[in-house]
Structure formats: C-alpha cells, structure tokens
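One structure is given here, and the rest of the page talks about it.
What you see is a predicted model, and the numbers here were worked out from it, not measured in a lab. The figures here come from the full heavy-atom set of this structure, side chains too, leaving out hydrogens, waters and symmetry mates.
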Amino acid sequence: MTTTLVDSFAAQLLDWFDHAGRHDLPWLHPRTPYRVWLSEIMLQQTQVKTVIPYFARFLQAFPTLPDLAAASLDDVLAQWSGLGYYARARNLHATARACVERHGGDLPRDLDALIALPGIGRSTAGAILSQAWGDRFPILDGNVKRVLARYHGIAGWPGLPAVEKQMWSLAGAHLPEARMADYTQAQMDLGATLCTRSDPACMLCPVQSGCVALRDGRVDELPTSKPGKALPERTALVLLAANAAGQVLLQRRPPSSIWASLWSLPEAADHDSARAWFERHLAGEYDRAEALVEVPHVFSHYKLRMHPLRWRDLQARAAVNDNADLRWVSAAELPQLGLPAPIRRMLQSL
DNA sequence: AAGTCGGGGGC
DNA sequence: GCCCCAGACTT
C-alpha cells in the first residue's frame, strides 16, 4: 500500500510548504493528538474558515479529552450547534469516553484501533497518526482527491469506489520517508490555496512539472464532478407556542435522522396532526394560530419548507411537565442549547 | 453503489 | 441554482 513511487512529488510539495504553506492554523499550535483529532472531525465536509471559531470555543469548554468524556452530550451538542452533521458531535463524545475506558484517556496510536472508534474513518485516522505522531499513513480527503485527479489525469467522479481505490494507492505511493506531519498539512494547503476547484493557480504550483491535467489542458474538467440529481422537497408545520412569560415550547428531536437529539420546535406534517399535537400538549385554540412567513432550508439531500404557526399566551397541559423531551425556554437560555441553525435564527428573529 | 447526515461559501 | 467543502456510516 505504501510502496514508494520514485518521483519528486513529496519533495517538491514540502519545499513549497516551508515558504508558502498555512502555518498559522490554530490546531497546529500546539499540534497535540487531541487537538488534531478535534480539528479533523470538525473539518469533515466543513471549510477552515467556518471551523476556526468553533474550534476555539470547543477547546475552551473541553480543554482535554477527559474533560470532553466527562461532559454531558447536551453540553457537547450545544457547543456544536450550527456546525452541522451532528453525528460528528455524538461520535466525538462517544470516542472520548471510549478512549478513557479503553485507552487510558488518550487516542490510540494505531490505525485499526482509531478506525474502530466512532467518527474516524481511514482518512481521518491517517491524518491523526501522521500529524500527531509523524507516522507514515496517507490521507484522502477532498483536497487530495482533487490534486491527485489532476496530477495523474484521473477521470471519473472521486466518490466512485473504483476511483477512490486507485487514489488511495497513489496517495500511499507518494508518501515521503520523513516529515509526515508537514506532508499531510502540505497536501491540504496545496488543495485549499492553489489547486482549488475553480481557477487554480497552476503557475504557482510546486508540482506543475509533473501534472498530467496541466500538460493536457484538462485542469478545468478534473476532478469529474458528481452526477447531479434533483432535490426532493418536503414541507412541515413548525409550532411556535409561547406562554405568558414569553417562553417558547421546545421539543427534543428523535435520536436518529435529521437534527438527531437537538432541541427544536415541535413539527407536524399537516394541520390534522399539528392540531392533535397541540390539543394534547397545550391549552388554547389551535385555530387562533398566526401563520408566519415560510422558512426554506436546504439540506444536502432535500429541501425543507417550514411553515411556522405562532401562538401567544398559551398554557401547557399537565403532559408537558411530565415529558423530558419538552421544555419552556426563554430567549436567554437559547445560547446554551443545541438548536438547528435555521430554528435558532427563527427564534432570534422574534 | 447509493443514501443519509448540515450549513455555509463560491460562482 | 448548483456544486463543493480536511467524510463517515448505513443499507
């Protein structure tokens, strides 16, 4: 897997990295296993600029891996709120606890042991081992896929298993004998700053002399983009029930599917089920609802049109007080709760 | 091999 | 609007 390909790719990349790489990223100072792991999880499908403020706040709340393990899932989700892909937060928490129980409070320095932990796949495991310890393992994220597709002139969407398999092989073949931490960072810096998706700066590229796509004039068509598909649309009624104190009734979402375990507004597919839910939990007239303007929200795989219904000065029925998944929340409490981003915006705009 | 899982940025 | 982003996991 890590057979050495006799070329200058890694050497040229490292030379470039020394003077042109991003040496100021917060997770590099210091570059500890915990900070590398946390940054890698946050950076999954998420851009650096988005991650930086979350990374700082998260570390302040949970300075060490044992701190994270000792925290409640709710507190972790609150720190994660707005970052998306909330399974990452649940997996992060579960992995912290597993490390305390099985690995002495540290991340294991072993590829298979890392991959066995929730939320860590082959690429993230390679990134952790190479960056935290300098161990010789490849990564294959969006940056590396784009660089390899162009450098080797590989056609086909990189999400296809056959293409991905070929890229893993090439990524392993390019590994240098030393400086693995810098090499891993250098690949991502190259993809993020020069070998960008649109308008790449090929004339500044340290590996332009060996790039097949540049030689053949195919830079703009590689990597092959994902085959498109029309997004399905769904509509939902969201219930915005306020009491006399101005508190809003929130409901914890189910532990699986979208926005799992987050606090959100009660949701119903249609007016019949909305009315039934309302009458079971609240004292008041459903038909006095005020229909607010539609709130559209786009996920990766469907589009959701939310239709908020608002009531004021409602009272709860007894069932609400006995339900651990329902609670009245004041505006001041919102920052401490894990809410989906569009729901948080909706509540803050009131 | 395809679907699920967020939110934001770039064009 | 569409695609992508330091992907992993389930079916």
Counting any heavy atom closer than 4.0 Å, what does [X] reach on the DNA or RNA strands: base, sugar-phosphate only, or nothing?
X	answer
Gly191(A)	nothing
Arg146(A)	sugar-phosphate
Ser39(A)	nothing
Gln185(A)	base
Val51(A)	nothing
Thr46(A)	base

Roughly, in whole Å, what's the span from [atom1] in [X] to [atom2] in [N]?
X	N	atom1	atom2	value
Ile258(A)	dT4(B)	CD1	P	10 Å
Glu164(A)	dG7(C)	CD	C1'	9 Å
Met188(A)	dA6(C)	CE	P	9 Å
Arg234(A)	dG3(B)	CZ	C1'	11 Å

Any donor-acceptor N or O pair under 3.5 Å, side chains [X], [Y]:
X	Y	result
Arg88(A)	Asn91(A)	no
Gln185(A)	Asp189(A)	yes
Ser81(A)	Arg344(A)	yes
Glu333(A)	Ser330(A)	yes
Gln251(A)	Ser264(A)	no

- prompt: Is any N or O donor-acceptor pair between the side chain of Arg22(A) and the base of dA6(C) shorter than 3.5 Å?
  reply: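 It does, because a donor-acceptor pair links the side chain of Arg22(A) to the base of dA6(C) below 3.5 Å.
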
- request: Establish whether the base of dG7(C) is bridged to the side chain of Thr124(A) by a donor-acceptor pair shorter than 3.5 Å.
  value: no

Electrostatic pair [X]-[Y], nearest N-O below 4.0 angstrom:
X	Y	value
Arg150(A)	Asp216(A)	no
Arg275(A)	Asp272(A)	no
Arg288(A)	Asp313(A)	no

query: Does the ring centre of Phe55(A) sit less than 6.0 Å away from the ring centre of Trp27(A)?
result: yes

- prompt: Is the distance between the ring centroids of His271(A) and His307(A) less than 6.0 Å?
  reply: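 His271(A) vs His307(A): aromatic centres not under 6.0 Å.
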
The side chain of [X] lies closest to which of these nucleotides: [options]?
X	options	answer
Gln45(A)	dC5(C), dC5(B), dA6(C)	dC5(C)
Trp259(A)	dA6(C), dG7(B), dG7(C)	dG7(B)
Trp27(A)	dG7(C), dC5(B), dA6(C)	dA6(C)

If I pick the [atom1] atom on [M] and the same atom on [N], what distance separates them, to the nearest angstrom?
N	M	atom1	value
dA6(C)	dC11(B)	P	14 Å
dG6(B)	dT10(C)	P	14 Å
dC5(B)	dC4(C)	C1'	16 Å
dA8(C)	dG9(B)	C1'	22 Å

field: Proximity to DNA chain C (any heavy atom under 4.0 Å), residues of residues 224-233 of chain A only
entry: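 Listed by number, they are Ser225(A), Lys226(A), Gly228(A).
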
Below 4.0 Å: OP1/OP2 of [N] and any side-chain N or O of [X]:
X	N	result
His301(A)	dT4(B)	no
Tyr86(A)	dG7(B)	yes
His297(A)	dG6(B)	no

- request: Determine which nucleotide pairs with dG6(B), using a 3.5 Å limit on both distances of a Watson-Crick or G-U wobble pair.
  value: none

- request: May I ask you to decide if the ring planes of Phe58(A) and Trp80(A) are parallel, tilted or perpendicular, using 30° and 60° as cut-offs?
  value: perpendicular

message: Please verify the inter-ring angle class for Phe9(A) with Tyr151(A); under 30° counts as parallel, over 60° as perpendicular, anything in between as tilted.
response: perpendicular

Within 45° cone of Tyr183(A) ring axis and under 6.0 Å: Arg179(A) NZ or CZ: no

All N/O contacts under 3.5 Å from nucleotides 9-11 of chain B to the protein, with atom names and distances to one decimal?
{"residue": "dG9(B)", "atom": "O4'", "partner": "Gln47(A)", "partner atom": "OE1", "Å": "3.4"}

query: Taking only residues two or more places apart in sequence or in another chain, which ones pass salt bridge (charged side-chain N to carboxylate O under 4.0 Å, His left out) with Asp220(A)?
result: none

Please table the atom pairs, donor to acceptor, closer than 3.5 Å between any side-chain atom in residues 230-239 of chain A and protein atoms at least two apart or in another chain.
{"residue": "Glu233(A)", "atom": "OE1", "partner": "Arg305(A)", "partner atom": "NE", "Å": "2.8"}
{"residue": "Glu233(A)", "atom": "OE1", "partner": "Arg305(A)", "partner atom": "NH2", "Å": "3.3"}

statement: Between Pro161(A) and Gln44(A), the residue closer to the 5' end of DNA chain B by nearest nucleotide is Pro161(A)

task: Using a cut-off of strictly less than 4.0 Å between a heavy atom of the residue and any atom of DNA chain B, enumerate the qualifying residues of residues 338-350 of chain A by number.
output: Pro340(A), Ala341(A), Pro342(A), Arg345(A)

Measure all distances between protein nitrogen or oxygen atoms and nitrogen or oxygen atoms of nucleotides 9-11 of chain C, and list the pairs falling under 3.5 Å.
{"residue": "dC9(C)", "atom": "OP1", "partner": "Gly119(A)", "partner atom": "N", "Å": "2.4"}

- request: For side chain to side chain donor-acceptor pair (under 3.5 Å), just list the numbers for Arg90(A) and Ser261(A), CA-CA rounded to whole Å, side-chain angles, deciding distance to a tenth of an Å, and then say yes or no.
  value: CA-CA 9 Å; Arg90(A) 286 183 276 113; Ser261(A) 299; 4.7 Å; no

